[in-house]
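Comments concern the structure below.
The basis for the numbers below is simple: all heavy atoms, side chains too, and nothing from hydrogens, waters or symmetry mates. Nothing here was measured: the structure is a model prediction, and the numbers come from that model.
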Amino acid sequence: MTASLLPTAFDQLTQQAVHTFWHSRNSGSVNASSGDGRTAVVGGKNMDGFIDVVRAVVKHCGLPEDSVHVRKSKVVLPGFFRATKNWDVLVVHRQRLLGVFEFKSQVGSFGNNFNNRSEEVIGSAADLWVAHHHGAYGGIPRSRRQVQEYSPALLNPVIQSDPRPPFLAWLMLLEECEASLRSVRCDEPHFPVFEEFRDASYARRYQILCERLVERQLYSAAALELTPTGKDSHRALSPATSIRNMFSEFAGRMLAAAQGD
């Protein structure tokens, strides 16, 4: 008998999360016709269904449900470049930071918001890893005089004080439509862009972003799921950037943490 990393209801939970997303938008919690690009990306509570997925995986892996924190006052972490940041979900067990999740969505306004989301996701990771390197998530933060930085902490999480860094995950739920799938021209007034970005759609650009966030060790896993407008269905552009892969990686880490109790 083969043990499953994920709960048997995982696919149903993710489909329900997508349903909750569209239902939340259509019920008026997000006014899709307002023309507010930020609202179309952030969306208030419309990503709350994915919190249930985190809870289910944590429980499936043998960790207590109260290790999952979602209240606004409980998802705050200290930063290095800024005082604090609020995340969407934290998993903390026995005073050890195990998991950190950020959920984002984008419906329309692709050109206005892609670069903003990219800068945000990269900056948030940089802030977290440098703060972690300086002891922010275990005991008393060390002063800068106590930290010897012979190589940059930003892209080298392996040099951090705890050899078991938290699992950092980012999910983008993107509207699948003609505008997100069509080719986009790049401006190149002085230097050429990397070839893979030339004529790439916004969906493809998000896929590249997710792949490189993990490749450069900024995130433990990053997922892009496309969902047709108003539909419960969703799909990934590659197995490596799928929500199933992200939560499988997360489950492996949580199982290890549970075994360490």
Before you tell me yes or no, could you show the steps for F103 and L173 under side chain to side chain contact (heavy atoms under 4.5 Å, CB included), namely the whole-Å CA-CA distance, both residues' side-chain angles and the distance that decides it to 0.1 Å? CA-CA 8 Å; F103 302 133; L173 187 66; over 6 Å; no

Donor-acceptor contact below 3.5 Å, side chain H60 vs main chain S4: yes

If you compare all heavy atoms of A200 against all heavy atoms of R205, which two are closest, and at what distance to 0.1 Å? O-NE, 3.6 Å

Ion pair present between K85 and D127, side-chain N to carboxylate O less than 4.0 angstrom? no

May I ask you to decide if D199's main-chain N or O and S183's side chain share a donor-acceptor pair within less than 3.5 Å? yes

Reported CD-to-CZ distance for the pair Q207 and R212, which is rounded to 0.5 angstrom: 10.5 Å

Side chain to side chain, L63 and L255, heavy atoms closer than 4.5 Å: no

Looking at E188 and R198, is any side-chain nitrogen of the basic one under 4.0 Å from a carboxylate oxygen of the acidic one? yes

Using modelled atom types only, decide if a donor and an acceptor are shared between the side chain of N245 and the backbone of T241 within a distance under 3.5 Å. no

Taking E175's backbone N and O only, do any of them form a donor-acceptor pair with S180's side chain (distance below 3.5 Å, no angle check)? yes

Any side-chain heavy-atom pair of S233 and V18 under 4.5 Å: no

When you compare the side chain of F50 with that of D88, does any pair of heavy atoms fall below 4.5 Å? no

For a quick check under 3.5 Å, do Q16 and Q12 share a side-chain donor-acceptor pair by atom type? no

Atom SG of C177 and atom OH of Y202: how far apart are they, to the nearest 0.5 Å? 11.5 Å

Validation row: H69, V89 side chains within 4.5 angstrom (heavy atoms): no

How close do L171 and M47 get, counting heavy atoms only, and between which atoms? CD2-CE, 4.3 Å

Charged N to carboxylate O below 4.0 Å: is that the case for K104 and E120? yes

For F110 and L174: C-alpha separation, side-chain torsions, deciding distance, then whether side chain to side chain contact (heavy atoms under 4.5 Å, CB included) applies. CA-CA 9 Å; F110 303 109; L174 184 69; 3.6 Å; yes

Ionic contact status for R244 with D11, cut-off 4.0 Å: yes

Using modelled atom types only, decide if a donor and an acceptor are shared between the side chain of W129 and the backbone of L218 within a distance under 3.5 Å. yes

Partner of W22 by side chain to side chain donor-acceptor pair (under 3.5 Å), out of N46, D232, T227: T227

Assess the side chains of Y206 and Q106: does a donor N or O sit below 3.5 Å from an acceptor N or O? yes

Mind running side chain to side chain contact (heavy atoms under 4.5 Å, CB included) on F247 and L5 for me, showing each step along the way? CA-CA 9 Å; F247 276 100; L5 277 173; over 6 Å; no

Find the distance between CZ (R235) and CD (E176) and round it off to the nearest 0.5 Å. 4.0 Å

Would you say the side-chain atoms of Y137 pair up with the backbone N or O of P166, donor to acceptor, closer than 3.5 Å? no

What pairs meet the salt bridge (Lys or Arg N to Asp or Glu O under 4.0 Å) rule with one or both residues in residues 53-63, with sequence neighbours excluded? D52-R55, K59-E65

Is it true that the NZ or CZ of R253 lies under 6.0 Å from the centre of F250's six-membered ring and within 45 degrees of the ring axis? no

Assigning hydrophobic clusters by single linkage (Ile, Leu, Val, Met, Phe, Trp, Tyr; side-chain heavy-atom cutoff under 4.5 Å), is L237 placed with I208? no

Are the side chains of L90 and L77 in touch, meaning some heavy atoms are under 4.5 Å apart? yes

Does the side chain of V100 come within less than 4.5 Å of L128's, by heavy atoms? yes

Side chains of W170 and L209, heavy atoms from C-beta outward: is any pair under 4.5 Å? yes

Heavy-atom closest pair, residues V214 and S220: CG1-O, 4.0 Å

V121 backbone acceptor or donor facing Y219 side chain under 3.5 Å: yes

Identify the two heavy atoms, one from I243 and one from F10, that lie closest to each other, and give their separation to 0.1 Å. O-CZ, 3.9 Å

Would you say P7 and V57 make side-chain contact, with heavy atoms under 4.5 Å? yes

With no hydrogens and no angle check, is any side-chain donor or acceptor of S24 less than 3.5 Å from a backbone partner on F21? no

Heavy-atom pair of closest approach, residues A223 and M246: CB-SD, 3.9 Å

Please report the closest heavy-atom contact between E211 and S238, naming both atoms and the distance. OE2-OG, 4.2 Å

